[in-house]
Amino acid sequence: MNDRDYRLYQKIYTVVREIPPGQVASYGDIARIVGGGCEAREVGYALNEIPKQGGQDVPWQRVVNKEGGISTRGLLQRELLIAEGVGFGANERIDMRRFRWRGPDAAWAAAHGCEMLPPDADAEQLSLF
DNA sequence: GAATTGACGGGGC
DNA sequence: AGCCCCGCCAATT
């Protein structure tokens, strides 16, 4: 991995660290927040590198796929999320409307050169209740 | 260096 | 809801 990738990975980790406990974000969400042409798969690769880099402070378990499911082998990620209060529904799926992170605030995004998450119409509907 | 793979997403059916 | 296919691009073989 070259230096540019390393810095990109660090930026990804910085964003992931902003996910509050008890909430989750999708790989695509993280990629969009990071911006700069970052893509969902690259986020997955970055998270995969965490164990090699000793990034113990990165809450990687809060990053799931867009369906609210986990793709990692083993059940560790599921256990960690349940311990934080993230509930799994039928078919081992997280209710993204309830637990999806809405993204960083504008000040943080600006300070770190990141993008805001586009408003989710579905989530907006939920807030009306 | 070509082919394959993958902790993904979106669109179509 | 599920399933399939394509695009994406870094990492690996």
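We name chains A, B, ... by the order of the sequence lines, and we start the count at 1 in each one.
For A/N91, the listed nucleotide lying nearest its side chain is C/dG2; candidates were C/dG2, C/dA11, B/dG9. Of the listed nucleotides (C/dA10, B/dA7, B/dG9), B/dG9 has the atom at the smallest distance from the side chain of A/A40. Comparing B/dA7, B/dG9, C/dG2 by their nearest atom to the side chain of A/N65 picks out B/dG9.
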Protein-nucleotides 2-5 of chain B N/O pairs closer than 3.5 Å?
none

Every protein N/O within reach of nucleotides 10-13 of chain B N/O, cut-off under 3.5 Å:
from, atom 1, to, atom 2, distance (Å)
B/dG10, N7, A/K66, NZ, 2.6

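Formation of a donor-acceptor pair under 3.5 Å by the A/Q77 side chain with backbone atoms of A/V63 is found in this model.
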Candidate pair A/Q61 and A/V86, rule side chain to side chain contact (heavy atoms under 4.5 Å, CB included), full reasoning = CA-CA 11 Å; A/Q61 70 273 20; A/V86 176; over 6 Å; no
For A/R62 and A/Q23, run side chain to side chain contact (heavy atoms under 4.5 Å, CB included): C-alpha distance rounded to whole Å, both residues' side-chain angles, the deciding distance at 0.1 Å, then the answer.
-> CA-CA 7 Å; A/R62 294 175 197 144; A/Q23 294 185 31; over 6 Å; no
Let me see the working for A/E49 and A/Y13 under side chain to side chain contact (heavy atoms under 4.5 Å, CB included), right down to the final yes or no.
-> CA-CA 10 Å; A/E49 291 292 324; A/Y13 301 153; 3.6 Å; yes
Residues A/E18, A/V15; criterion side chain to side chain contact (heavy atoms under 4.5 Å, CB included); working and verdict | CA-CA 5 Å; A/E18 290 300 308; A/V15 174; 5.5 Å; no
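For the pair A/E39 CD and B/dA7 P, the interatomic distance rounds to 16 Å; values are reported in whole Å. We find that CD of A/E49 is positioned 10 Å from C1' of C/dA10, with the value rounded to whole Å. The separation between A/L47 atom CG and C/dA10 atom P is 16 Å, rounded to whole Å. Across the protein-nucleic acid pair, A/L8 atom CG and C/dA10 atom P stand 9 Å apart, rounded to whole Å. Atom CD in A/E67 sits roughly 8 Å away from atom P in B/dG9 (whole-Å rounding). In this structure, the CZ atom of A/R78 is 17 Å from the C1' atom of B/dA7, given to the nearest Å. At whole-Å resolution of the value, CE in A/M96 and C1' in C/dA1 are 17 Å apart.
When each of A/I12, A/I33, A/I30 is paired with A/C38, the side-chain contact (heavy atoms from CB on, under 4.5 Å) condition holds for A/I12 and for no other. Screening A/V34, A/I50, A/D57, A/V58 for a side-chain contact (heavy atoms from CB on, under 4.5 Å) involving A/V16 leaves a single residue, A/V58.
One distance of note links CH2 of A/W60 with CG of A/L80; it measures 6.0 Å at 0.5 Å rounding. Once rounded to the nearest 0.5 Å, the distance linking CD1 of A/I94 with OG of A/S26 reads 11.0 Å. Separating the CD1 atom in A/I19 from the CZ atom in A/R102 is a distance of 13.5 Å, to the nearest 0.5 Å.
Looking at A/Y27 and A/L47, their side chains come closer than 4.5 Å, going by heavy atoms from C-beta outward.
Among the heavy atoms of the strands lying under 4.0 Å from A/N48 is at least one base atom, whether or not backbone atoms are also near. A/D29 comes within 4.0 angstrom of nothing in the nucleic acid, heavy atoms only.
Scanning all heavy atoms of the two residues, the minimum distance from A/W108 to A/C114 falls at CZ3-SG, 3.8 Å.
Within a heavy-atom distance below 4.0 Å of DNA chain B, the residues of residues 17-27 of chain A found are A/S26, A/Y27.
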